[in-house]
There are 2 protein chains.
Amino acid sequence: RLRPPQLIALTFALAILVGAGLLALPISLEPGQSIRPIQALFMATSAVCVTGLGVVDVGTTFTTFGEVVMLLLIQIGGLGLITLGTLFAIALRRRVGIADRIQVAQQVNTLELGGVVKLVRTIVLSSVLVELVGTVLLSSVFVPEEGLGRGLYFSLFHSVSAFNNAGFSLYATGLTGFVTNPIINLVIPLLIVLGGMGFLVQLNVLAYLRDRRRNRLNANSKLSLVMMAALLLVGTLSFALLEWTNPATLGTLPLGGKILAAWFHGVTPRTAGFNTLDYSTMHYGTIFVTILLMFIGANPGSTGGGIKTTTFYVMMASAWGMVRGRHDTTLFRRRIGTTTILRAMTVGLLSLGLVNLGFLLMLLLNTNPELKFVQLFFETISAFATVGLSMNTTPLLNPDQEVVLIFLMFLGRIGPLTFAVAFSRPDSRTLVRYPQEQDILIG
Amino acid sequence: RLRPPQLIALTFALAILVGAGLLALPISLEPGQSIRPIQALFMATSAVCVTGLGVVDVGTTFTTFGEVVMLLLIQIGGLGLITLGTLFAIALRRRVGIADRIQVAQQVNTLELGGVVKLVRTIVLSSVLVELVGTVLLSSVFVPEEGLGRGLYFSLFHSVSAFNNAGFSLYATGLTGFVTNPIINLVIPLLIVLGGMGFLVQLNVLAYLRDRRRNRLNANSKLSLVMMAALLLVGTLSFALLEWTNPATLGTLPLGGKILAAWFHGVTPRTAGFNTLDYSTMHYGTIFVTILLMFIGANPGSTGGGIKTTTFYVMMASAWGMVRGRHDTTLFRRRIGTTTILRAMTVGLLSLGLVNLGFLLMLLLNTNPELKFVQLFFETISAFATVGLSMNTTPLLNPDQEVVLIFLMFLGRIGPLTFAVAFSRPDSRTLVRYPQEQDILIG
Ligand SMILES: [K+]
Ligand SMILES: [K+]
């Protein structure tokens, strides 16, 4: 019998393998184009894990059939993890103490009634609805640009890609042609933010907006929303400040374009991966801020990646509490349990370990003397956090490095703790409890 | 009234200011040499914090008077933190529960008898003894090289610099002239390892060697020794593997020289900072492994820096225990307390935060387009972990960046947690205990 984390990992692996097989078929490839098996595996992994890194260009390599395969993989990957993740989160909540039962039952109110089927239906329907609205809005740009049929298809593809935080584009240069287009700069970020908000947060916010007296915003929602707003602000402001005069990025744009583009690139490190400017021309400071934002990532239970905003907050709050000599770490007048803190620290630590190991392998396996330290660092974080931004590095990697990124995307999407728990044998020796050691010097 | 962490920070700050004043005096400077105030502050900080980074070259800039000032600052910085740190550790131990009192009393046996004065005397005398033995051994190299008087002086300087993990050399190119010299490659690393072992570990090991039946190795000693050996092995092996054929480093050396140099550079990232090869010519993989080893650092209560080997182990063990679903994190059949784990996690997190902030500032303030991302990254970690290795970056920095490194060296040496606790107001609101929040989604 499979445990839930194993189920998630295996489902994803299966989807990736099937997807890679389909992408390698001649029907998926434009005439004259070819793709190595490892490249097909890379593209399928990047789609299912909603990363958006590409070793080949989607638009010129794949036929419409191949592109639709990519689109379906993105949709399966995005919805799949929200659905499984949400079910998993609810299952975990059911194990909380009797004192919290009532509060929990209240929060997942609508879910308890109809059960799992209703939950899945709610997730799928609401996602499709948002994606269709996105498609309609984007068509006002893409239809004039590409004609009716092709324009609608482009709108659908980019809407799905944005809502699922995938970041794949049918344009070889991403969305760089639309750097000052207000529709693109508002609709795409809106889809990204909605997708990265987390499904339980969305439900809770909707319930709250419907009836503010009976429904309250729970701690997870409040924390997720505050963190997301704070990180969007930090991202946008730092991008604007650092790139304002850079002639290769914001420097040559008019004032309105500067603001739109800074906003766009403040949103996209929340693991969305679209870009309207070239990251290889940016200030090192912008690159590093983007790296930090990518690593932190989106809200849990969303289509976004990274260690997650809540993990980041709990780690920070706990460290700060330690500094202030507090007995407890608190949040909205509630104590955060030691298990939650240790879990957050473990997620952070495993993620760091994984990223460090992945980066080391990327450096060791590198055969291209053109590729710089910073490019491979950026690429590694981007893959782990399933962001998809690149300093024009991905097509220059060798097959060994592609394999490293495939593993990083997969482990990053499943979550390193989930994965580690899934495939390590639970310890059976926990019955013995040793006396406490007090003598380890720390720091 | 000052609390102990405040006392440590202020003592160090005072020593640095006095040292900077002395180094800026004309009597400290060779004819024709000048030094900006910020450079004098940098050199004094680097000496007191036993870092070894230099914005100017010690040998050519300073007179013998200036060099002796540097030597004294190194000695004060090295011994000062061992002494204060050890007293602090013992004071902390005194607060442990009644059940552990007997074991603790046994460990600090010799210290309890004579009290603080005897402890300080023991530390000073044993350090001076080791440094003198080091001087004698090194004189067999430096006396033939530099003549009797100058040779003995060089031996003393490098012995003190090595034992205190300072890494300053009187040679402008460090110890690169001695890359295959067996005495240098054995004595310097031995001094580094002894200095980085931690004073309580040294005491415990000596007691154990004197009488194995009555004295046992305590958990802190065992863990420190095991971690140190493991990290030396990892450092040496990875350096050898990665640089074996690099024509700029090990490639052109004979077999014996290869092994000696690999061993030397396996030891030196334990925050010692000496080098016999040029880091700017090394493989990116070597650079990154060195960065990781520097960040982990030496044992606590030693002359070395970094987050400390024990901190690293406790973090890893706790994360691994979480993965395996263990209730407790254990070490040598003892449970590691949650407070110790949270303390380790906090030290790791504050250090990461500090390093990230420092690196961001180094990037933002950079005005030299020649300086690469990797050079500034390496330099930042080296300063924080008080290592002193550099990819030939330090003299190319501007005054703003020098100030950033001064703060990093200072905070890194004091320890970010110690510093944060010293200068933040303890929270007085801990009397209210809120109910536990169960609903934060992590990872
Ligand atoms: K993405
Ligand atoms: K050093």
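In what follows, chains are A, B, ... by sequence order, proteins preceding strands, each numbered from 1.
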key: Interatomic spacing from OH in B/Tyr284 to CG in A/Leu376 - rounded to 0.5 Å   =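 Answer rounded to 0.5 Å: 8.5 Å.
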message = Is there a side-chain contact (heavy atoms from CB on, under 4.5 Å) between B/Val374 and A/Val374? Walk through the geometry before answering.
response = CA-CA 7 Å; B/Val374 61; A/Val374 61; over 6 Å; no
ask   = Out of B/Asn299, B/Leu360, B/Thr309, B/Leu350, which one racks up the most heavy-atom pairs below 4.5 Å with chain A?
value =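 Of the candidates given, the most pairs with chain A belong to B/Leu360.
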Smallest separation among heavy atoms of B/Leu363 and A/His283, with atom names =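 Closest heavy-atom pair between B/Leu363 and A/His283: O-CE1, 3.5 Å.
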request  = Evaluate the criterion side-chain contact (heavy atoms from CB on, under 4.5 Å) for residue pair A/Leu342 and B/Leu342; output intermediate values, then yes/no.
outcome  = CA-CA 8 Å; A/Leu342 286 177; B/Leu342 286 177; 4.1 Å; yes
Region of B/Leu371 in contact with chain A, defined by heavy-atom distances below 4.5 Å =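 Only the backbone of B/Leu371 comes within 4.5 Å of chain A.
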query = Shortest non-hydrogen contact from B/Ala319 to A/Leu349?
reply =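 Smallest heavy-atom distance, with atoms named: CB-CD2, 3.8 Å.
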request  = Evaluate the ring planes of A/Phe373 and B/Phe377, with Trp represented by its six-membered ring, and classify them as parallel (under 30°), tilted (30 to 60°) or perpendicular (over 60°).
outcome  =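 Ring orientation of A/Phe373 relative to B/Phe377: tilted.
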request  = Name the region of A/Leu352, side chain, backbone, both or neither, that has any atom closer than 4.5 Å to a heavy atom of chain B.
outcome  = side chain
query = Between CZ of A/Phe288 and CG of B/Leu364, what distance do you get to the nearest 0.5 Å?
reply =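 If I round to the nearest 0.5 Å, the distance is 10.0 Å.
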inquiry  = Quick check on B/Leu242 against chain A: is it the side chain, the backbone, both or neither that has a heavy atom closer than 4.5 Å?
reply    =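 Just the side chain, heavy atoms under 4.5 Å.
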